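Worth saying up front: this structure is predicted, and the values here are computed from it rather than measured. Numbering starts at 1 and runs along the sequence shown.
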Amino acid sequence: MRVLVTGATGYIGGRLVPELLARGHEVRCVARTPDKLDGRPWRDQVEVAECDVFDRPSLDAAVAGCDAVYFLIHSMDGEDAFAERDRQAAANVRDACAAAGVSRIVYLGGLGDEDDDLSEHLRSRHEVGAVLADGPVPVTELRAAIIIGSGSASFEMLRNLVEVLPVMTTPRWVGTRVQPIGVRDVLHYLCEVLEVDRTAGQVIGVGGPDVMSYQELMQVYAEISGLGRRLIVPVPVLTPGLSSLWIGLVTPLPPGLARPLVESLVNEVVVRGDTADRLMPHETLPFRETVRLALERVQDLDVATTWAGATRARRDGSPDPEDPQTSDPGWSGGTVFTDRRTARSAASPEQLFATVCEVGGDRGYGRRDWLLQVRGVADRMVGGVGLRRGRPHPSELAVGDQVDFWRVEAVDRPHLLRLRAEMKLPGDAWLEFRVRPAEDGRGSVLEQLTRFHPKGLSGRLYWGASLPLHRLGFASLADELAADAARGAASTAG
């Protein structure tokens with residue numbers, strides 16, 4: 001089918017597009033700023049239309065010739081009247097689809113019982129579905145509770161609360177039941193509805209196999225991430241407003257986004273009926289597995305490499321829907337502390353990289369090597385490996401080699417060397433060196449990057465306490481490696 005995806009720059013839309021392509025559909029994406037899609041790996045496989053859903057002429061042009069339209073727009077951005085904006089956007093898309101002869105509209109909304117006192121956020125989600133359905137084009141409305149995946153707002157709120165706070169005083173909503181679902185399962189259902197005609201005109205609840213309270217979600221996350229059981233004390237005096245301010249303080253989510261999410265936590269969001277199982281049989285992942293996958297993506301992609309640049313392919317060669325996307329908001333994907341240094345060298349990239357590969361062991365870590373020696377002694381005192389391992393070869397390194405209390409995680413000659421810390425730490429740490437030719441063609445540039453992914457409150461306290469010594473210890477390393485490579489290159493030339 002020829003499919004139009006609104007919200008292609010968003011969390012779900014950015015992951016849905018490659019899934020539709022993998023199923024053989026032709027995809028047209030709409031964006032107010034098409035340049036935002038330029039960095040996507042699938043950009044050259046789709047048509048992009050510049051469109052604002054509040055501008056009917058541009059919307060009519062975008063919808064023309066499409067068989068199905070995905071409505072994945074949500075105006076919940078902390079500004080006032082987001083519900084009214086969503087209703088107007090839905091009405092415009094509904095009317096444009098009717099005028100263009102579109103055969104199906106697919107919408108992703110939220111769970112919640114109609115007779116419950118729904119929050120403004122959930123009530124708006126239901127209203128949008130009703131507006132879309134108030135027209136001649138059949139609508140398939142999927143309703144989901146919290147979506148678990150690397151970068152999702154619900155997952156990031158859960159993750160940050162549990163990691164930062166070993167003791168939490170929480171509102172009574174921690175006892176509310178919820179049915180979480182993994183992002184890959186949501187994407188499966190979004191694609192499947194196009195291939196199952198009987199889903200047209202249906203409102204279908206989708207969820208994972210587990211129904212749990214928010215308190216149970218937090219405890220399971222703490223267990224899987226190795227943080228230990230959290231002490232959670234529900235109190236009656238915390239209003240949703242106060243809760244959202246607190247969440248804005250201890251998590252990276254903006255308070256304007258946190259508040260509608262928190263207000264929705266008072267409503268039970270559980271799938272009623274078996275429509276999804278009858279029409280689209282599918283084995284969804286348990287909550288534990290979705291958390292494990294999301295944490296794996298955060299640690300392996302956001303920290304070990306880069307959030308925007310790394311993707312992992314599945315067996316069929318298509319990108320994994322769990323992978324971080326360039327469209328994910330800046331607060332998503334894990335708390336990562338960084339320290340970056342750059343140095344210019346007269347040596348070629350190959351010569352500079354060879355010098356970088358001699359780091360550690362007998363060569364040490366520059367003029368302030370004594371600080372690393374002290375850190376090694378401290379590590380041994382708490383049962384770590386310290387600096388006693390050295391390195392297997394004075395100048396050659398391969399993936400898996402030990403370098404003092406580091407382990408070689410990646411080598412890409414002559415561009416990248418990444419070492420992963422194996423010392424005792426309340427988190428995960430990497431020391432990365434990247435080499436590139438200088439822009440003027442003379443010599444090369446070395447970028448030294450230290451990354452630390454803290455685990456819990458102790459990890460954040462550790463980074464704050466050790467940062468001055470860390471910066472002192474690594475302050476001159478990049479400069480010294482660049483200078484040594486230049487002297488070596490000059491000596492060779494002489």
Side-chain angles (χ1 to χ4, degrees), residues 4-17 29-33 36-37 51-55 59 62 69-94 96-97 105-112 118-133 139-149 151-157 178 180-181 183 186-187 189-190 193 203-206 240 244 247-248 252-265 267 269 321 325-332:
L4 180 75
V5 177
T6 66
T9 59
Y11 178 74
I12 293 295
R15 286 164 169 75
L16 176 63
V17 170
C29 301
V30 299
R32 285 178 296 180
T33 308
K36 288 185 177 180
L37 297 174
C51 169
D52 185 334
V53 294
F54 298 104
D55 176 57
L59 181 58
V69 171
Y70 282 89
F71 187 88
L72 302 175
I73 295 169
H74 198 0
S75 302
M76 194 176 71
D77 53 8
E79 301 295 331
D80 293 334
F82 74 85
E84 173 58 33
R85 282 181 283 149
D86 276 356
R87 286 193 295 270
Q88 185 59 57
N92 288 348
V93 170
R94 175 200 64 200
C97 289
I105 297 174
V106 181
Y107 165 58
L108 178 62
L111 284 169
L118 293 178
S119 69
E120 183 183 13
H121 169 226
L122 289 178
R123 188 168 62 252
S124 170
R125 299 283 77 202
H126 288 202
E127 288 174 349
V128 166
V131 170
L132 290 171
V139 176
T140 301
E141 179 181 350
L142 296 179
R143 290 182 176 178
I146 64 173
I147 297 174
I148 302 297
S152 76
S154 298
F155 175 71
E156 294 302 331
M157 186 167 71
V178 63
I181 184 171
V183 64
V186 171
L187 296 173
Y189 285 124
L190 284 170
V193 296
V203 177
I204 306 172
V206 294
S244 63
I247 289 173
L253 271 72
L257 175 60
R259 177 160 187 153
L261 293 176
V262 170
E263 290 175 344
S264 299
L265 300 184
N267 297 118
V269 279
Q325 308 283 314
T326 54
S327 56
D328 290 337
W331 42 258
S332 67

- line: What one should report as the nearest heavy-atom pair of Leu108 and Ile147 is CD2-CD1, 4.2 Å
- line: Heavy-atom nearest pair, Gly13 first then Leu72, reads CA-CD1, 3.8 Å
- prompt: Any idea which heavy atoms bring Ile73 and Asp86 closest together, and the distance?
  reply: O-OD1, 4.4 Å
message: Show the nearest heavy-atom pair for residues Ala91 and Val131, with the distance to one decimal.
response: N-CG1, 3.5 Å
message: List the residues meeting side-chain contact (heavy atoms from CB on, under 4.5 Å) with Ala96, not counting sequence neighbours, and say none if there are none.
response: Arg56, Leu59, Asp60, Val63
- prompt: Could you walk me through whether Leu132 and Glu141 pass the side chain to side chain contact (heavy atoms under 4.5 Å, CB included) check?
  reply: CA-CA 9 Å; Leu132 290 171; Glu141 179 181 350; over 6 Å; no
From CA spacing to verdict: side chain to side chain contact (heavy atoms under 4.5 Å, CB included), Ser152, Val183: CA-CA 8 Å; Ser152 76; Val183 64; over 6 Å; no
message: Restricting to side-chain hydrogen bond (donor to acceptor under 3.5 Å, both in side chains), what partner residues turn up for Glu120, sequence neighbours left out?
response: none
- request: Look up atom OG1 in Thr140 and atom CG in Leu142, then write down how far apart they are to the nearest 0.5 Å.
  value: 7.0 Å
statement: Nearest heavy-atom contact between Arg125 and Tyr107 is O-OH, 2.7 Å
message: Checking Tyr70 against Ile12 for the side chain to side chain contact (heavy atoms under 4.5 Å, CB included) test, could you report, in this order, the C-alpha distance in whole Å, the side-chain angles of both residues, the deciding distance, and whether it holds?
response: CA-CA 11 Å; Tyr70 282 89; Ile12 293 295; over 6 Å; no
message: Within this structure, what is the CG-NE2 distance for the pair Asn267 and His121, rounded to the nearest 0.5 Å?
response: 10.5 Å
- line: Note: Leu122 and Leu111 closest approach over all heavy atoms is CD2-O, 3.4 Å
task: Mind checking salt bridge (Lys or Arg N to Asp or Glu O under 4.0 Å) for Arg87 and listing every partner two or more places apart, or none if nothing turns up?
output: Glu84, Glu127
field: Intermediate values then yes/no, side chain to side chain contact (heavy atoms under 4.5 Å, CB included), Ile181 and Tyr189
entry: CA-CA 11 Å; Ile181 184 171; Tyr189 285 124; 4.2 Å; yes
task: Look at the side chain of Arg123 and the backbone N and O of Leu118, then say whether any donor-acceptor pair between them is shorter than 3.5 Å.
output: yes
